[in-house]
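Proteins come first, then strands; the chains are lettered A, B, ... in the order of their sequence lines, and each starts at number 1.
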2 protein chains.
Amino acid sequence: MTTTGPLRTPRSRVTIRDVALAAGVSVATVSKVVNGRDGIADATSERVLGVVADLGYESSLVATSMRRRRTGVVGVLVAEFEPFALQLLQGVSEALQGTDYDVLAYAGSVSEGDHVGWERRSLSRLGGTLIDGAVVVTPTVAVPTSVVPAVAIDPHTGPAGPATVDTDNLAGARLATEHLLSLGHRRIGHLRGRGDLVSAQLRERGYREALADAGIAFDERLVAEGGYRRAEAAVAAAALLSSDEPPTAVFAANDLSAIETVRIATERGLRVPDDLSVIGFDDIPDATACSPTLTTIRQPLHEMGAAAVRTLLDMLSGGEGGHVRMPAELIVRESTGAPRA
Amino acid sequence: MTTTGPLRTPRSRVTIRDVALAAGVSVATVSKVVNGRDGIADATSERVLGVVADLGYESSLVATSMRRRRTGVVGVLVAEFEPFALQLLQGVSEALQGTDYDVLAYAGSVSEGDHVGWERRSLSRLGGTLIDGAVVVTPTVAVPTSVVPAVAIDPHTGPAGPATVDTDNLAGARLATEHLLSLGHRRIGHLRGRGDLVSAQLRERGYREALADAGIAFDERLVAEGGYRRAEAAVAAAALLSSDEPPTAVFAANDLSAIETVRIATERGLRVPDDLSVIGFDDIPDATACSPTLTTIRQPLHEMGAAAVRTLLDMLSGGEGGHVRMPAELIVRESTGAPRA
DNA sequence: CTGTTAGCGCCTTCAA
DNA sequence: TTGAAGGCGCTAACAG
């Protein structure tokens, strides 16, 4: 820290040129040696490799990918590193073990705010150069596939575009509602998800259909806007619970909303599940960490990640893509029970 | 797929040149407009911006970072996307909200196997170009800081190098052992972590010290090698439980090992915690998802991620780095209880 | 105000 | 068997 000259050179990274210089060969030769191209004398090769080891040279992923077609890296593009995306990431990563692909995850809207269209931006910025293909998590708009093969997981627009993986939201919502019905509930509330998302619409439809099948009339007063988000869900839950005839059970469109509902109910002195049953959707890790643990509809996130990888690998070798729909599963835990009396 | 000519041009990504061509200006001008440099006529600027929007142009992160010094991206380098790393990643990501840094996570040994030294490789490949700084999760060797500022979380070598964040492993292990002692256990087993890691050594030392303080002689037969890994831990747990005088409680060096221990015990008809108490270390999400839920020593992973970010940001603006040690916390759940009779 | 020139680090022809 | 030249997409100097 003594010399703060105009040209700060903090022992920059070792480049191919440094290796070439030290080995007394040309840059091209080093490149060939490092990449195992043949047509190099054994002696030269050894010498170069020695220098490479000495200097700790590693080719720059960035420079390499600019010049080469293939990088051997699959990108997982997310808006934000939240539990849902992280589970998916884990599934993707596991499925990629044993292949010759590395995984790179990129959160595109960390510094930009909730900018809709982050997926397009990320895909353009990374695609064609850094990554050979992408798994895009919960894209808000159609994923352009022109830049690089991409498969969308749980796309907000439903199965549009060449390749998607999602969960059977309709069946899942029916499962949730039927579970509450089978426990004896008749006044069942619903906390909607974000109205502009296909998944939320399907979850509400499943709720309505299950009610109809059970011969229960739909009651608009039992439904509120949870928006898939904590804050919004809290307000909605409070409204629902303070109505004249509050529900005895609530189906929240996702676990985040469900957890908020439990919190609000508890604050008001209601016991879950004795006074109020709550069921969520997703089965994020928090669903088992909260108290009481949350009954929910599980989306098989790991398997979805793996399915996305299969589709992507297929596309990378010329395949067409396709749509995969995973089953939803009811996970009964502590937050649901029979209504009182 | 009809024309497989020598020059495959599958609607490649839109480059700055396409924009320049379409707008009838030079490449440099487009660059200036896009980057908000001044000295451009309003008319030109507007026209270029129009074309940019039309074509959906986004600058390539790779190309940009080759030319520029700063990329505005912080890298989180992990060996593998497993729960521990993912929690940390979430902490890092949250702490970076509101700054103008994006997050990029890279798993360096997915395609390469357990190659020791993945951190050096990843750092060299990404550093200096793609990322401005790095948070390296559980590096196995000293992290070279020459390429780019880097802070190591839970380094296997202990607080070496310019910047690290870790948990007080010694105190944590004492907490764990003292918890079992306070429940009345006297024959307490230990599943070691990987012997070459400082964290594992400290955890064993904490265990021994706590026993000594309680006046209990150390018994080598109550200790086995769990290696921090599922498979190895299963074997070790089986050995421990089938000894002549099996322990009534086990302190496993991490949650993964603890969960395996519970599984093995259950298989053999032991009830946890009635017949055997088990305590882990880490508090990964699985610790609440298993049954019975796991008593453990919590490492504050989110906070550690945040601490790493603080240190890194400081280094990025010329700071020196430093060592942060976080407290460990006992989380009592269902897997521990008093010994029978 | 705008275009030209010169690379960033690397890989791939093509000559020598 | 090796080296020189060109260029991937972009930006930072410098000319015009």
Engineer: Return the value, rounded to whole Å, for the distance between atom CG of B/D38 and atom C1' of D/dA12.
Structural biologist: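 Whole-Å distance recorded here is 14 Å.
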Engineer: Given C/dT2, is OP1 or OP2 found less than 4.0 Å from the side-chain N or O atoms of B/T44?
Structural biologist: yes
Engineer: Would you say the side-chain atoms of B/S31 pair up with the backbone N or O of B/V27, donor to acceptor, closer than 3.5 Å?
Structural biologist: no
Engineer: Which of these nucleotides, C/dC10, D/dC10, C/dC11, is closest to any side-chain atom of A/S31?
Structural biologist: C/dC11
Engineer: Quick one: which of C/dC11, D/dG3, C/dT2 gets closest to the side chain of A/K32?
Structural biologist: D/dG3
Engineer: With respect to the side chain of B/A28, which nucleotide from C/dC11, C/dT4, C/dT2 is positioned closest?
Structural biologist: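 Among C/dC11, C/dT4, C/dT2, the one nearest the side chain of B/A28 is C/dT4.
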Engineer: Write down the distance between CG (A/L126) and P (D/dC10), rounded to a whole number of angstrom.
Structural biologist: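 Whole-Å distance recorded here is 13 Å.
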Engineer: Taking the side chain of A/N35 as its heavy atoms from C-beta onward, which of C/dC10, D/dC10, C/dC11 lies nearest to it?
Structural biologist: C/dC11
Engineer: Would you mind classifying the nucleic acid contact of A/A41 as base, sugar-phosphate or nothing, using non-hydrogen atoms under 4.0 angstrom?
Structural biologist: sugar-phosphate
Engineer: Which part of the nucleic acid, if any, lies within reach of A/V25 when heavy atoms closer than 4.0 Å are counted: base, sugar-phosphate only, or nothing?
Structural biologist: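 Sugar-phosphate, no base atom in range.
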Engineer: Looking at A/V136, A/L77, A/V151, A/T157, which one forms a side-chain contact (heavy atoms from CB on, under 4.5 Å) with A/V143?
Structural biologist: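 That would be A/V136.
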Engineer: A/V30 pairs by side-chain contact (heavy atoms from CB on, under 4.5 Å) with which of A/V51, A/V25, A/L49?
Structural biologist: A/V25
Engineer: Without decimals, in angstroms, what is the distance between A/M66 CE and C/dT12 P?
Structural biologist: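 My rounded result for the distance is 14 Å.
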Engineer: Classify the side chain of A/R67 versus the base of D/dC8 as yes if they form a donor-acceptor pair under 3.5 Å and no if they do not.
Structural biologist: no
Engineer: Hey, are B/R125 and A/D102 close enough for a salt bridge, meaning a charged N less than 4.0 Å from a carboxylate O?
Structural biologist: no
Engineer: Looking only at atom types and distance, does a side-chain atom of A/T64 sit under 3.5 Å from a main-chain N or O of A/S60, one as donor and one as acceptor?
Structural biologist: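 Pair found, side chain donor or acceptor close to backbone of A/S60.
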Engineer: Does A/T29 make a side-chain N or O approach to OP1 or OP2 of D/dG3 shorter than 4.0 Å?
Structural biologist: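 For D/dG3, OP1 or OP2 has a side-chain N or O of A/T29 closer than 4.0 Å.
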Engineer: Taking for each residue the nucleotide of DNA chain C with the nearest heavy atom, is it B/T129 or B/G39 whose nucleotide lies nearer the 5' end?
Structural biologist: B/G39
Engineer: Give the rounded distance in Å between these two atoms: CG of B/D18 and P of D/dC8.
Structural biologist: 11 Å
Engineer: B/I40 CD1 to D/dA12 C1': how many Å, rounded?
Structural biologist: 13 Å
Engineer: Where the side chain of A/T15 is concerned, which of C/dC10, C/dG3, C/dC11 is the nearest nucleotide?
Structural biologist: C/dC10
Engineer: Could you check how far CD1 of A/I16 sits from P of D/dG7, rounded to whole Å?
Structural biologist: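 These atoms are roughly 19 Å apart.
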Engineer: Between A/R37 (CZ) and C/dT12 (C1'), how many Å, whole number?
Structural biologist: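 My rounded result for the distance is 9 Å.
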Engineer: For a quick test of reading the model: is some side-chain N or O of A/S26 closer than 4.0 Å to OP1 or OP2 of D/dG3?
Structural biologist: yes
Engineer: Between A/R68 and C/dC10, does any side-chain N or O lie under 4.0 Å from OP1 or OP2?
Structural biologist: no
Engineer: Does any N or O in the side chain of A/E80 come within less than 3.5 Å of the main-chain N or O of A/E82, such that one atom is a donor and the other an acceptor?
Structural biologist: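 Not a single qualifying donor-acceptor pair exists.
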Engineer: May I have the distance from A/R17 (atom CZ) to D/dA5 (atom C1'), rounded to whole angstrom?
Structural biologist: 14 Å
